[in-house]
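Keep in mind that this is a model prediction, so the values were computed, not measured.
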Amino acid sequence: MPQCNANKQSVLSGIDLLIFHTLSNYPFGARQSLCGFICNSLRTHYQLKIQNWGCVVQNRDHHYIFNGENEGSLWQLGQSITRRLAKADKKAVARRYYSTESELKKTALYDFHVANGGKMVPFAGWSMPIQYKDSIMDSTLNCRENGGLFDVSHMCGLSLKGKGSVAFLEKLVIADVAGLPPGTGTLTVFTNEKGGAIDDSVITKVKDDHIYLVVNAGCRDKDLAHIEEHMKAFKAKGGDVSWHIHDERSLLALQGPLAAPSLQHLTKEDLSKIYFGEFNIGYQWGTLLSHKDWCFRYTGEDGFEISVPSEHALDLAKAILEKSEGKVRLTGLGARDSLRLEAGLCLYGNDMEQHTTPVEAGLTWAIGKRRRAEGGFLGAEVILKQLADGPSIRRVGFFSSGPPPRSHSEIQDEKGANIGEVTSGGFSPCLKKNIAMGYVKSGLHKAGTKVKIVIRGKANDGVVTKCHLYQQNTSSHPNSSGGAFSALE
């Protein structure tokens with residue numbers, strides 16, 4: 001296993017190529033800011049083990065040890081790679097990168113993204129836009145004030161069909177699927193035998209014998225393998241269920257105050273009659289339309305997810321942008337991450353993992369009342385015990401001073417004792433202050449608790465807040481929950 005000191009130039013690995021391609025056109029300061037976002041996404045694609053002596057990054061082709069006094073966290077690893085990129089032979093790296101880029105999947109809107117100035121980056125095996133011609137900060141603010149159109153076609157949509165679909169899915173998730181009226185949906189979590197989260201998902205009961213769900217792109221392979229394994233056992237016992245993976249369809253997310261007014265121009269359906277979490281089938285472009293409540297949509301804004309046959313995705317995207325008169329903009333992964341952090345929503349692989357239960361993650365509300373009484377899902381014994389006795393750790397939000405907190409920043413009490421770790425953090429474009437999420441010991445999770453967040457060896461003042469760090473903009477949709485934009489402290 002080759003070793004390299006991060007302060008000396010070394011051979012570039014596959015990880016260097018990802019970071020280099022993403023950040024090579026940015027000034028050095030911007031590289032450091034974006035490294036946190038990019039490196040966080042690595043946790044989905046690589047095995048990372050944080051140890052006292054440093055950080056091991058492992059994939060199929062490369063094994064590297066980054067050691068030294070200042071190493072040992074994912075954020076610091078990102079900064080180390082950034083420093084090495086400044087010294088790299090860009091032409092040599094570019095030549096090596098092309099072969100890697102050719103292996104990435106592309107959505108139906110790839111050429112449209114590029115034509116509109118999209119900066120494409122590898123993400124969960126796909127080439128996706130991290131931003132467009134505007135800055136990430138401007139794009140974030142525009143989504144809050146007007147709207148954003150996101151290409152989320154890298155995510156995996158699938159359908160379960162058959163009389164046993166509900167009974168089968170309830171063995172794997174915490175939601176009361178049977179209790180959902182047809183045409184409605186909810187956020188849920190796939191759990192393992194220990195109660196940990198395999199993935200989070202939005203599920204919709206189309207009919208009593210048809211469930212539509214969307215799982216995260218980075219978790220696709222393990223999710224599908226998990227579902228398939230349990231489906232075989234269910235069918236072996238006579239259960240009636242089958243599935244279809246919708247690789248033939250694209251998925252667009254239209255979010256923000258102008259989402260409904262812009263979309264209303266393109267459909268005969270009265271969008272004012274589609275309530276939060278409701279699902280509708282449109283006939284123009286063969287769309288499946290889902291109206292998402294801000295509580296479980298990824299930007300924290302009112303909006304819609306639209307599943308459309310891939311051959312119609314480009315026409316639909318162009319039409320939405322045109323009908324908004326330029327106010328709704330194409331929006332990339334960078335703003336999407338800022339938006340979800342402001343809304344206090346989990347990023348799987350950062351804020352929730354296989355060792356984290358839904359109770360610890362603050363998703364108790366997603367466990368249906370009937371499920372709390374009956375159990376019947378994987379890990380129910382662990383989760384129901386936590387509901388009764390309380391978890392040992394809890395996910396909370398933070399405001400802090402000093403540099404923005406990053407993933408793995410240590411959280412201390414006022415006496416300097418370790419009480420937890422930051423899982424996501426950054427500067428909020430909308431609140432104009434540092435925000436973060438992380439886990440702390442129960443008892444120290446109440447809003448107003450003063451803490452210290454350690455960044456580059458220095459303890460900075462912080463305060464615990466609710467995870468929902470802002471209230472939603474007032475929406476023009478009559479079925480929006482509305483509310484003024486402000487920090488929740």
Please determine whether the number of non-hydrogen atoms from other residues, nucleotides or ligands lying under 6.0 Å from atom NZ of Lys222 exceeds 12. yes
Residue of the set Arg372, Lys369, Arg370 for which side chain to side chain donor-acceptor pair (under 3.5 Å) holds with Asp176: Arg370
Using a distance-only test with no angle check, is there a side-chain donor-acceptor pair under 3.5 angstrom linking Ser442 and Ser392? no
Glu381 atom CD, neighbour heavy-atom count above 12 within 6.0 Å: no
Honestly, is Arg371 close enough over Phe377, meaning NZ or CZ under 6.0 Å from the six-membered ring centre and within 45° of the axis? no
Can you find a side-chain donor-acceptor pair between Asp151 and Ser153 that sits under 3.5 Å? yes
Shortest non-hydrogen contact from His445 toward Val396: O-CG1, 3.5 Å
Under a plain distance cut-off of 3.5 Å, with no hydrogens placed, do Thr107 and His154 share a side-chain donor-acceptor pair? no
Pairing donors with acceptors under 3.5 angstrom, does anything connect the side chains of His246 and Ser159? yes
Between Pro182 and Asp208, the two heavy atoms sitting closest are CG-OD1, 3.9 Å
Taking all non-hydrogen atoms of both residues, which atom of Phe427 and which atom of Pro429 are closest, and how far apart? O-CD, 3.2 Å
Without hydrogens or angle criteria, can the side chains of Gln386 and Thr357 be said to hold a donor-acceptor pair below 3.5 Å? yes
Check this for me, if you would: do Asp351 and Arg340 make a salt bridge, where the nitrogen-to-carboxylate-oxygen distance has to be below 4.0 angstrom? yes
Tightest non-hydrogen contact, residues Asn216 and Asp199, listed as ND2-OD1, 2.6 Å
Shortest non-hydrogen contact from Glu301 to Gln255? O-OE1, 3.2 Å
